[in-house]
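Heads up, the thing below is written out as structure tokens.
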Amino acid sequence: MKLGFPLFPDSGSTLAPQVDAIYFFGLLVAAFFSLLIAVSIFFLAFKYRRTPENLVGKREKAGLLLEITWSVIPFGIMLVMFGWGAKVFFTAQRPPENAVEYYVTGKQWMWKFQHPEGRREINTLHVPLGQPIKLIMTSEDVIHSFFVPAFRAKMDVLPGRYTHYWFEATKPGTYRLFCAEYCGAEHSLMGGSIVVLEPREYEAWLAGEPVGGAGLASGADLFKAKACNTCHRPDSNLQGPSLSGIFGAQAELATGGSITVDEDYLRESILDPTEKIVKGYQPLMPTYRGQLSEEELMQLIIYIKSMSEESDSVGPEAAGPRSGRASETAS
Ligand code: CUA
């Protein structure tokens, strides 16, 4: 929606028209009833004004039909708003199955991004047009909030857990990114941009950028450097459970019950390993709290995820466990 002046942000995602439609519906309903009530107040005040000095008022009774009408109509309108709102909410909350996963770390006062191919960026995120994109987000310090007005979506970014955000861009261009949660002195400067490129331009952009970046080890390297591989080997179930194929599966817990292995569970198991022990294992693993940055944790989680996708090709990182196992069986 363009009105010539910036009353409304650009509309740049598949969600934007849906959010706008419900917003305008609400606005229309509110405007209609505000007007109806305002006009009625003036009209009735004029019509029933006291004319002769000694006139005594008579009690008016509303009929049952009128009572029912003014109860049922607003109730119906509210139900429409609720049903419609819930539908848009569910759409906004559930990333499509084919969404590609990107990683976001917020910190005072910048946004760090990682592409599924391993490219990293700060404050600017390049994405392809027409592809649903899921952001897996966490914070290194305080609460931030990832907000792109043109996508009509916003999600808090919290320390200590992962939150999700998804969008599918519908128009190439550069869209402003804001932090929408007060996070300290430079909160107002904590912004950036989302650059939406045609798929071919995006490929070209990816090809021109170096993989990874200085100062951050890959998940495969960290897995070895932090000695995760001594206990979590795909061929060994002695000290720790094998991690291959574990992501997205159900893990049975020693305390009974089970848990879906997701990003949050992996993160917890690295930082507080004794919290939720998998059935059949001893609480032997030391905590890695304080030894890994949020970004390193993400690298490890991305690597563990890649172990779950070993049947399809998932890039160079997956070569780690696969080639490792191949050599084991060969010897
Ligand atoms: Cu980060 Cu406000």
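Computed from a predicted model, the values in this text were never measured in an experiment. No hydrogens, no waters, no symmetry mates; every other heavy atom, side chains included, goes into these values. Every number for a ligand or one of its atoms is a count from 1 in the order of the listing.
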Centroid separation under 6.0 Å, is that true for the rings of Phe146 and Phe167? no
Among the N/O/S atoms of His187, which is closest to atom 2 (Cu) of ligand 1? Give the atom name. ND1
Name, closest N/O/S atom of Glu181 to atom 2 (Cu) of ligand 1: O
Between Arg267 (side chain) and Leu297 (backbone), is there a donor-acceptor pair under 3.5 Å? no
Round to 10° and report the angle made at atom 1 (Cu) of ligand 1 by SD of Met190 and SG of Cys179. 110°
The N/O/S atom of His144 lying closest to atom 1 (Cu) of ligand 1 is ND1
Walk me through it: do Ser258 and Gln250 pass the test side chain to side chain donor-acceptor pair (under 3.5 Å)? CA-CA 6 Å; Ser258 65; Gln250 292 284 318; 3.1 Å; yes
If we ignore hydrogens and angles and just use 3.5 Å, is the side chain of His187 paired with the main-chain N or O of Glu181 as donor and acceptor? yes
